[in-house]
Amino acid sequence: MKGSGPRQATLPGLWKREQESNEKSKRKTSRTYDAVSYHKCDDNNGVLFWENKSLVNGPMLLLRGAVGGSTSTQRKNTKEALSSLPDWDDSVTFNIYGKECCMRRRICQYSSSGDISYSYSGLKNVVAPQFPMLVYEIKCQVEDLMLNYFLDNLEPSLSTGIKHFAVPPEFMALLRAIRESRNDPTSGERSEIFNYCLLNHYRNGEEYMSYHTDDESSLHPHCPIASVSLGSTRNFDIRQRKKGETSTKRCRLDRIPLGDGDLLLMFHPMQENYEHCIPVEKRVVGDRINLTFRRVNKR
DNA sequence: GCAATTAAGTTGC
DNA sequence: GGCAACTTAATTG
């Protein structure tokens, strides 16, 4: 019988107390909103604020409302155009423990070379076709924002001074190499940070993604995953990743509302230590498209 | 690996 | 306070 195993009785108010306790421990250990948690960044298009969202051993940076268009109307058009791409798979099914499951969202994926494969959500080594122009343009925008922030605006002293966050030197080296290559008129194709993108379309508040970690084994270890949101705000919930014995409770540690045009960067070892999900929220009206750009190791 | 199910707590009217 | 709808955690396969 499904889902009918013994469930530990929950005492009245326990959830609330856990929430409060989480809030307290968060204040103590995992999150600070000190002076360097918001980074001002002078971009060509104006001033941007990068927000430190890092947990202990879970580095994350967030930039609000910066991607996919500069107005909500432009971003709506971007989302609608993405929604019309021909490669969406609306009815992905996969097997877990011999049980056939239906993916509660629709997905598609693209890559630079058109032959990169990546494993996700129970599916193995699915080959991704080449980026359509619109996805490529969003990728370029994200890459430009990152190059501008990390190479031109982030002071070296601050890069190690933010609570629970330090820019990996290997990532900085990668960015410098890309900048150098782009400035070199003799270099051939445009060098890039990301070579792969997975798109998720949550058509309403009932579509979701369960707790999971992104497969890091095939990713460049020092390049963050860049998650772009377009459309309705959906919550991004985070909990501790299961390790060894699982007697410890794993309730939600953090919740980041991801809104229209937001860009979330997740650095190593975030995936090693935490799981994330997009929970069901029936009150949410409208759809959300999420693009996750990655640097996949080519085989 | 992650959707589906269940039980129980929370919220809103 | 009572009900319904929703949210959450735990569990299964």
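Residue numbers start from 1 in every chain, and the chains themselves are labelled A, B, ... in the order their sequence lines are given, proteins ahead of strands. Not measured: the values here are computed from a predicted model.
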Practice prompt. Starting from P on B:dA3, measure out to OH on A:Y202 and report it in whole angstrom.
Written response: 9 Å
Worksheet item: Within this structure, what is the CD-to-P distance between A:E281 and C:dT8, rounded to whole angstrom?
Response: 8 Å
Worksheet, complete the sentence: Applying side chain to side chain contact (heavy atoms under 4.5 Å, CB included) to A:P257 and not counting sequence neighbours gives A:R64, A:T233, A:N235
Practice prompt. Give the ring-plane orientation class for A:F267 versus A:F150, where under 30° counts as parallel, over 60° as perpendicular and anything between as tilted.
Written response: perpendicular
Worksheet item: Applying ring-ring contact (aromatic ring centres under 6.0 Å, His included), which residue pairs with at least one partner in residues 61-92 of chain A are found, sequence neighbours left out?
Response: A:W88-A:H201
Practice prompt. Find the distance A:K282:NZ to C:dA4:C1' and express it as a whole number of Å.
Written response: 12 Å
Worksheet item: Is any side-chain N or O of A:R105 closer than 4.0 Å to OP1 or OP2 of B:dA3?
Response: yes
Discussion item. For residues A:Y208 and A:Y274: do they belong to one hydrophobic cluster (side chain heavy atoms under 4.5 Å, members Ile, Leu, Val, Met, Phe, Trp, Tyr)?
Written reply: no
Worksheet item: Hey, does A:C102 reach any base, or is it just sugar-phosphate, or nothing, if we go heavy atoms under 4.0 Å?
Response: sugar-phosphate
Item to complete: Check the distance between B:dC2's P and A:I107's CD1 and give it to me in whole angstrom.
Response: 11 Å
Worksheet item: If only side-chain N and O atoms of A:R104 are considered, is one of them under 4.0 Å from the OP1 or OP2 phosphate oxygen of B:dA4?
Response: yes
Worksheet item: Can you check the A:E206 CD to C:dT7 P distance for me, whole Å?
Response: 10 Å
Fill in: Any A:Y208 side-chain N or O less than 4.0 Å from OP1/OP2 of B:dA4
yes
Fill in: Set of salt bridge (Lys or Arg N to Asp or Glu O under 4.0 Å) partners for A:R295, sequence neighbours left out
none
Response to the item:
Annotated structure of DNA chain B as dot-bracket, pair cut-off 3.5 Å, Watson-Crick or G-U only, | for inter-strand, is .||||||||||||
Item to complete: Would you indicate which nucleotide in B:dC2, C:dT7, C:dT8 comes nearest to any side-chain atom of A:H212?
Response: B:dC2
Response to the item:
Judged by nearest nucleotide, the residue sitting upstream toward the 5' end of DNA chain B, A:Y97 or A:R283, is A:Y97
Worksheet entry | Of the listed nucleotides B:dG1, C:dT7, C:dT8, the one nearest the side chain of A:R252 | C:dT8
Worksheet entry | Whole angstrom value for the distance that separates P of B:dA3 from CD of A:E207 | 11 Å
Discussion item. Between C1' on B:dA3 and CD1 on A:I278, what's the gap in Å once rounded to a whole number?
Written reply: 16 Å
Worksheet item: Hey, does the side chain of A:R239 come within less than 4.0 Å of C:dT8's phosphate (OP1/OP2), counting only N and O?
Response: no
Worksheet, complete the sentence: Taken in chain and number order and not counting sequence neighbours, the residues that satisfy salt bridge (Lys or Arg N to Asp or Glu O under 4.0 Å) with A:R239 are A:E275
Response to the item:
Atom CZ of A:R250 and atom C1' of C:dT11 are separated, to the nearest Å, by 12 Å
Discussion item. Can you tell me which nucleotide in C:dT7, C:dG13, C:dT8 comes closest to the side chain of A:I96?
Written reply: C:dG13
Item to complete: List for me each residue that meets salt bridge (Lys or Arg N to Asp or Glu O under 4.0 Å) alongside A:R294, sequence neighbours excluded, and say none if there are none.
Response: A:D214
